[in-house]
J.: 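Below you'll find the structure I mean.
Predicted model, so just to flag it, every value in this text is computed and none were measured. Protein chains get the first letters and strands the later ones, always in sequence-line order, with residue 1 at the start of each.
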Amino acid sequence: MLALVDGNNFYCSCERVFQPRLKNRPVVVLSNNDGCAIARSDEAKALGIKMGTPWFKIRHLEEEAGLVAMSANFALYGDMSDRMMTLAAGLGHMQEVYSIDESFIDLSGIPGDLVRRARIIRRRIHQWIGIPTCIGIGPTKTLAKLANAIAKSAERKPGSYPAHHAQICHLGACSREELGQLLQATEVGDVWGVGPRIGAQLRAQGVHTALDLQRMNPAAAKAGWSVMLEKTVRELNGVPCIEFEDEPPAKQQIACTRSFGHPITELQDLQEAITEFACRAAEKLRRQNSHTVHIMAFIRTSPFREKDPQYSHSASIPLPSPTSDSAHITQAASAILKHIYRPGFKYAKAGVMLMDLQPATRRQLTLDLDAEMPENRVRLMQAMDEVNQRFGRGTLHLASAGTTGRHRAWAMKQERLSSGFTTDWTGLAVTF
DNA sequence: TCTGGGGTCCTAGGACCC
DNA sequence: TCTGGGGTCCTAGGACCC
């Protein structure tokens, strides 16, 4: 048996922990650049605000409905997530952290009443961290996901499902009949793994509910769609097909991409942005102890500014040898930028991607008489990471990322950022 | 004026090999 | 008249997830 512990409206809930004035009010958290809504409180959902709605389209609700918008504070959410995950892990003996606000817990062999156990953990997370959660339990990941969705719906929309499933729903404890009824009350598009595209195709074939999908022939699911959907059908029938991943596998690619706070036109500004993205990506790369051998960079104008001339281009180059050195990676990204840059456009976004990652322990020997001592470079990067870890991001950086004093034309817009309540001494909450 | 960022997996088709 | 069969690897694009 598996559980899925999931924070409700996670980013909004994190903001509410330290700003009680936000309770019982419609709240949204905005993406980078205060672009669009990426998290909504129940009250905001009730106003009809959809995931991903641009802020300028709902801004009028500030006045009209008391809507509060916050800039995304990912440092805070990451820290709150760590705390929540630690407590959630107590539910069973293995945990898979699936996203910033969700983790699967392996409950196999856990004796006693699982619902009671889940209730204790849920209460503890709420009491110690302040984050409300829902817990879904089922024999497969897909069913645990579904149970979680039912637990949330039953809480938020009374009448959608039987009230006793609110907050905690254990599908493994349901009778066959009851499971059938719950599946029938669930739209096929709400099943994990069924997106808008496949959902529409399924409905066109008369498959409207999770129950219809459960009863589908797995072979037909594979023939008509893919092995993915076949697995989903089997999982709905209680046959585990998606593995539990105790520890996260190393990433196969690492990206750092950003939209700019304002459109920029100059090569030097792009150069600074690309340098910063390359360095951040390199940092992530070193954190997972990998090397990259292939670098891609892109720049683009905004597709939403339809009247502006549009330009979007990317290129990639292989590196002479695997590396995680910020300077080498930046050099390559910078060379790509010079190659693809065209003057006369208003650039809105750029990014760097590191591909073909491999373990840093695999070493390719080359005969390069001009090469610097590689151990020295490794030590330099370690020192840089340690300094930045201790004194804050950007304390040590490459000069091409821009020097202090020079205006960062491409800086992100964050007009409604909350403090680093748990991540920064100067951001501690002092009064409530 | 104003529209996010970061991932994974699968599939089909082409190139290439013997 | 009649021109094989089987396999791998790579890539681009599509779909999904949060």
J.: Please tabulate, for side-chain N and O atoms in residues 142-151 of chain A, each donor-acceptor pair with protein atoms closer than 3.5 Å (sequence neighbours left out).
T.:
from	atom 1	to	atom 2	distance (Å)
A:Thr142	OG1	A:Glu235	OE1	2.6
A:Lys145	NZ	A:Glu102	OE1	2.5
A:Asn148	ND2	A:Leu4	O	2.9
A:Asn148	ND2	A:Cys134	O	3.0

J.: What orientation do A:Phe421 and A:Phe18 show, parallel under 30°, tilted 30 to 60°, or perpendicular over 60°?
T.: parallel
J.: Could you give the CE-to-C1' distance, from A:Met412 to B:dC2, as a whole number of Å?
T.: 16 Å
J.: Give DNA chain C the dot-bracket treatment, 5' to 3': Watson-Crick (N1-N3 with N6-O4 or O6-N4) or G-U (N1-O2, O6-N3) under 3.5 Å, [ ] crossing, | other strand.
T.: ....||||||||||||||
J.: Using whole Å, report how far CZ of A:Phe298 lies from P of B:dG6.
T.: 8 Å
J.: Are side-chain N/O atoms of A:Asp79 and A:Thr423 paired as donor and acceptor at under 3.5 Å?
T.: no
J.: When the side chains of residues 298-309 of chain A are checked against the rest of the protein, which donor-acceptor pairs come out under 3.5 Å, sequence neighbours left out?
T.:
from	atom 1	to	atom 2	distance (Å)
A:Thr301	OG1	A:Gln310	OE1	3.1
A:Thr301	OG1	A:Tyr311	N	3.0
A:Thr301	OG1	A:Tyr311	O	3.2
A:Ser302	OG	A:Phe304	N	3.1
A:Arg305	NH1	A:Asp308	OD2	3.1

J.: Within the structure, does a side-chain N or O atom of A:Ser259 lie under 4.0 Å from either OP1 or OP2 of B:dT3?
T.: no
J.: Whole-Å distance between B:dG5 C1' and A:Lys349 NZ?
T.: 7 Å
J.: What I'd like to find out is whether the side chain of A:Glu266 reaches to under 4.5 Å of the side chain of A:Trp410, using heavy atoms alone.
T.: no
J.: Compare side-chain N and O positions of A:Arg305 against OP1 and OP2 of B:dT3 and report whether any pair is under 4.0 Å apart.
T.: no
J.: Can you list everything that forms a side-chain hydrogen bond (donor to acceptor under 3.5 Å, both in side chains) with A:Tyr98? Sequence neighbours excluded, please.
T.: none
J.: Got a list of side-chain donor-acceptor pairs under 3.5 Å for residues 214-221 of chain A, not counting sequence neighbours?
T.:
from	atom 1	to	atom 2	distance (Å)
A:Gln214	NE2	A:Leu236	O	3.4
A:Asn217	OD1	A:Ala219	N	3.0

J.: When you look at A:Glu283 and A:Arg393, which way does the salt bridge (Lys or Arg N to Asp or Glu O under 4.0 Å) test go after all the steps?
T.: CA-CA 11 Å; A:Glu283 249 176 66; A:Arg393 176 181 286 158; 5.0 Å; no
J.: Could you state the atom-to-atom distance from CH2 of A:Trp410 to P of B:dG4 in whole Å?
T.: 17 Å
J.: Going by the rule side chain to side chain contact (heavy atoms under 4.5 Å, CB included), which residues pair with A:His93 if we only count those two or more places apart in sequence or in a different chain?
T.: A:Asp106, A:Ser108, A:Ile110
J.: Can you measure A:Gln414 atom CD to B:dG4 atom C1' for me and round it to whole angstrom units?
T.: 12 Å
J.: Parallel under 30°, tilted from 30 to 60°, perpendicular over 60°: which one fits the rings of A:Phe74 and A:Tyr11?
T.: perpendicular
J.: Judged by each residue's nearest nucleotide on DNA chain B, which is more toward the 5′ side, A:Arg258 or A:Trp225?
T.: A:Arg258
J.: Determine the contact category for A:Arg59: base if any of its heavy atoms lies under 4.0 Å from a base atom, sugar-phosphate if only primed atoms, P, OP1 or OP2 are that close, otherwise nothing.
T.: nothing
J.: Considering only heavy atoms, which members of residues 239-254 of chain A lie under 4.0 Å from some atom of DNA chain B?
T.: A:Lys251, A:Gln252, A:Gln253, A:Ile254
J.: What one-letter contact string describes nucleotides 7-18 of chain C from 5' to 3', where B marks a base within less than 4.0 Å of any protein heavy atom, S marks contact via sugar-phosphate atoms alone, and - marks no contact?
T.: --------SSSS
J.: In chain order, what residues pass the side chain to side chain contact (heavy atoms under 4.5 Å, CB included) check against A:Ile121, with sequence neighbours excluded?
T.: A:Leu91, A:Arg124, A:Ile125
J.: For DNA chain B, find the residues of residues 78-89 of chain A with a heavy-atom distance under 4.0 Å and give them by number; none if there aren't any.
T.: none
J.: Answer with yes or no whether the side chains of A:Arg286 and A:Ser326 bring together a donor and an acceptor at under 3.5 Å.
T.: yes
J.: Suppose we screen for side chain to side chain contact (heavy atoms under 4.5 Å, CB included). Which residues come up paired with A:Lys231, at least two apart in sequence or across chains?
T.: A:Cys241
J.: What is the separation between atom OH on A:Tyr77 and atom P on B:dG5, rounded to the nearest whole Å?
T.: 15 Å
J.: Atom CD1 of A:Ile58 and atom C1' of B:dT3: how far apart are they, to the nearest Å?
T.: 11 Å
J.: Sequence neighbours excluded and cut-off under 3.5 Å, please list the side-chain donor-acceptor pairs for residues 349-356 of chain A, or say none.
T.:
from	atom 1	to	atom 2	distance (Å)
A:Asp356	OD2	A:His294	ND1	3.4

J.: Nearest whole angstrom, please: distance from the P of B:dT1 to the NZ of A:Lys413.
T.: 12 Å
